[in-house]
2 protein chains.
Amino acid sequence: MGNGKENSLTILIADDHHLVRQGLRSLIERSQTQYNISDVATGEQAWQFISQYQPDLAILDIAMGDLSGLKVCEHVKQRKLKTRIIFLSMHDDIKVIHRAFEVGADAYLSKSEAFDTLNQALQTVAAGHSFISPSIESELARYKAASTQFLLTAREKQIVSYITQGKSNRQIADTLCISIKTVDNHRTKAMRKLGVNKAAELVKYGLEEGLVV
Amino acid sequence: MGNGKENSLTILIADDHHLVRQGLRSLIERSQTQYNISDVATGEQAWQFISQYQPDLAILDIAMGDLSGLKVCEHVKQRKLKTRIIFLSMHDDIKVIHRAFEVGADAYLSKSEAFDTLNQALQTVAAGHSFISPSIESELARYKAASTQFLLTAREKQIVSYITQGKSNRQIADTLCISIKTVDNHRTKAMRKLGVNKAAELVKYGLEEGLVV
DNA sequence: ATATAAATAGTGTATTTACCCCAATTGACC
DNA sequence: GGTCAATTGGGGTAAATACACTATTTATAT
């Protein structure tokens, strides 16, 4: 750091591919905004740099061998550092994207995105907002919708677990000190989400998913 | 064979321990009944001897290295040879005993039994009846009772399998072309045998026992 | 021949499920 | 402050289940 541009935004680029780092740096330097850019090659280095200098932005690769960008992000957000995290990833696996936002990402970009998009992301995030590649956004939305539609809530899992253990609605209600109707509702909702209509299949799910402790 | 006692009962002794064969022969010769005794050391020899001469009785050891006494017995009974089989075994494992009678044994004696018992067994079996050591009999009875009490029948397993697959009584009845009440009966009996009172636990059993094809 | 067990199927009843609707509360996130 | 999801709980109903009895047929074993 410290190359004279004292008032400009500081950016860290972390990627284990030298060419990628060079390319990014070159592109970002070409933009009209003034940035003070640093780069590192590993997750470990990224974490050390961020915890020491707290740059305004950090562009992280997800797969970096040693310390995943996700872990770095998790650390940053847990310690409430001001650095905003932008993920730049090769894989557009929806689960990874979802995980990225779970650990507190501010932006997620595919490496296949145009530079314009990166530029836009940088400005959006620097302004305090979050950013998602338009191409990814719709997928994520679908995933989230699917999640709430098909994935069981904690309580539902608990109920299914009890059902798997062979307990009746009444027994579960007594155990949890809730109404039998509530148990019935959870049971029904769980079945709807899993697309089944019999406790037998909830048991299968419970056993297969290892819900029973 | 052929030692002059033409009208006496013929007995084959099969045991891979020389001392045991000698001891048995000596004991049997001492009894007041006239026997024509032969002996062999392996299961293979036993089978050849029996298929050739069809002795009245064969005293077989169960564990004989090559061809198990159980196999010899199975052959004899499958071919409906007249030879009656008496097992003489070291291990009183109830499952082995059960298996012995499954393959058609006429008697089962523990080697720890007194000679009197062997003598009694010989006469009983020679007379066309079956014989079990009193010490073993009660155990076998308990085992059989336990079997019919706790083990599912083929049909019950099938019903449990369908339940495990998430089918209702009605669906199972339709599939098997039987009354829904019959399915209900099998289901109820299976539950009673397994000591549970909910389909959920039948499903667990079904999955754990690999009943589902 | 005659017990025995399995499979079949019925009557009957109390309980439980599955599923529809709706509503209040809470905590999170914007 | 308002939306959203999760959790809670209630009304109601038709179907399914659990379970007790009995009974017939058939095959197997004694």
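Proteins get letters first, then strands, A, B, ... in listed order; numbering begins at 1 in each. In what follows, every heavy atom counts, from backbone to side chain, and hydrogens, waters and symmetry copies are set aside. Values in this document were obtained by computation on a predicted structure and should not be read as measured data.
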### Query
Which part of the nucleic acid, if any, lies within contact of A:S179, taking any heavy atom under 4.0 Å across all strands shown: a base, the sugar-phosphate backbone alone, or nothing?
sugar-phosphate

### Task
Could you tell me whether the side chain of A:K181 has a donor or acceptor atom within less than 3.5 Å of a complementary atom in the base of D:dT8?
no

### Query
Salt bridge or not for B:D56 and B:K82, using N-O below 4.0 Å?
yes

### Query
Do NZ/NE/NH1/NH2 and the carboxylate oxygens of A:K198 and A:E201 come within less than 4.0 Å?
no

### Query
Would one find a side-chain N or O of A:T182 under 4.0 angstrom from OP1 or OP2 of D:dG9?
yes

### Query
For C:dC20, does OP1 or OP2 lie under 4.0 Å from any side-chain N or O of A:R192?
yes

d([atom1], [X]; [atom2], [N]) in whole Å:
X: A:L202; N: D:dT17; atom1: CG; atom2: P; answer: 14 Å
X: A:R155; N: C:dG27; atom1: CZ; atom2: C1'; answer: 15 Å
X: B:N169; N: C:dA18; atom1: CG; atom2: P; answer: 13 Å
X: B:K77; N: D:dA29; atom1: NZ; atom2: P; answer: 14 Å
X: A:K167; N: C:dT16; atom1: NZ; atom2: C1'; answer: 16 Å
X: B:I180; N: D:dC19; atom1: CD1; atom2: C1'; answer: 15 Å
X: B:R170; N: C:dA9; atom1: CZ; atom2: P; answer: 13 Å
X: A:I159; N: D:dG9; atom1: CD1; atom2: P; answer: 11 Å

### Query
Applying the salt bridge (charged side-chain N to carboxylate O under 4.0 Å, His left out) test to B:E156, which of B:R187, B:K189, B:R192, B:K193 qualifies?
B:K193

## Note on the structure
Output for pair (A:I172 CD1, A:H186 NE2), nearest 0.5 Å, gives 10.5 Å

### Message
On DNA chain C, does the nearest nucleotide to A:K198 precede the nearest nucleotide to B:T153 from the 5' side, or the other way round? Give the residue.
### Response
B:T153

### Query
When you measure from every atom of DNA chain D, which of residues 183-191 of chain A have a heavy atom less than 4.0 Å away?
A:N185, A:H186, A:K189

### Query
With A:R79, which residues qualify under side chain to side chain donor-acceptor pair (under 3.5 Å), at least two apart?
none

#### Entry: side-chain contact (heavy atoms from CB on, under 4.5 Å) involving A:I180 - partner list, sequence neighbours excluded
A:N169, A:R170, A:A173

### Task
Look only at the side chain of B:D39 and the backbone of B:A14, and say whether a donor-acceptor pair between them is shorter than 3.5 Å.
no

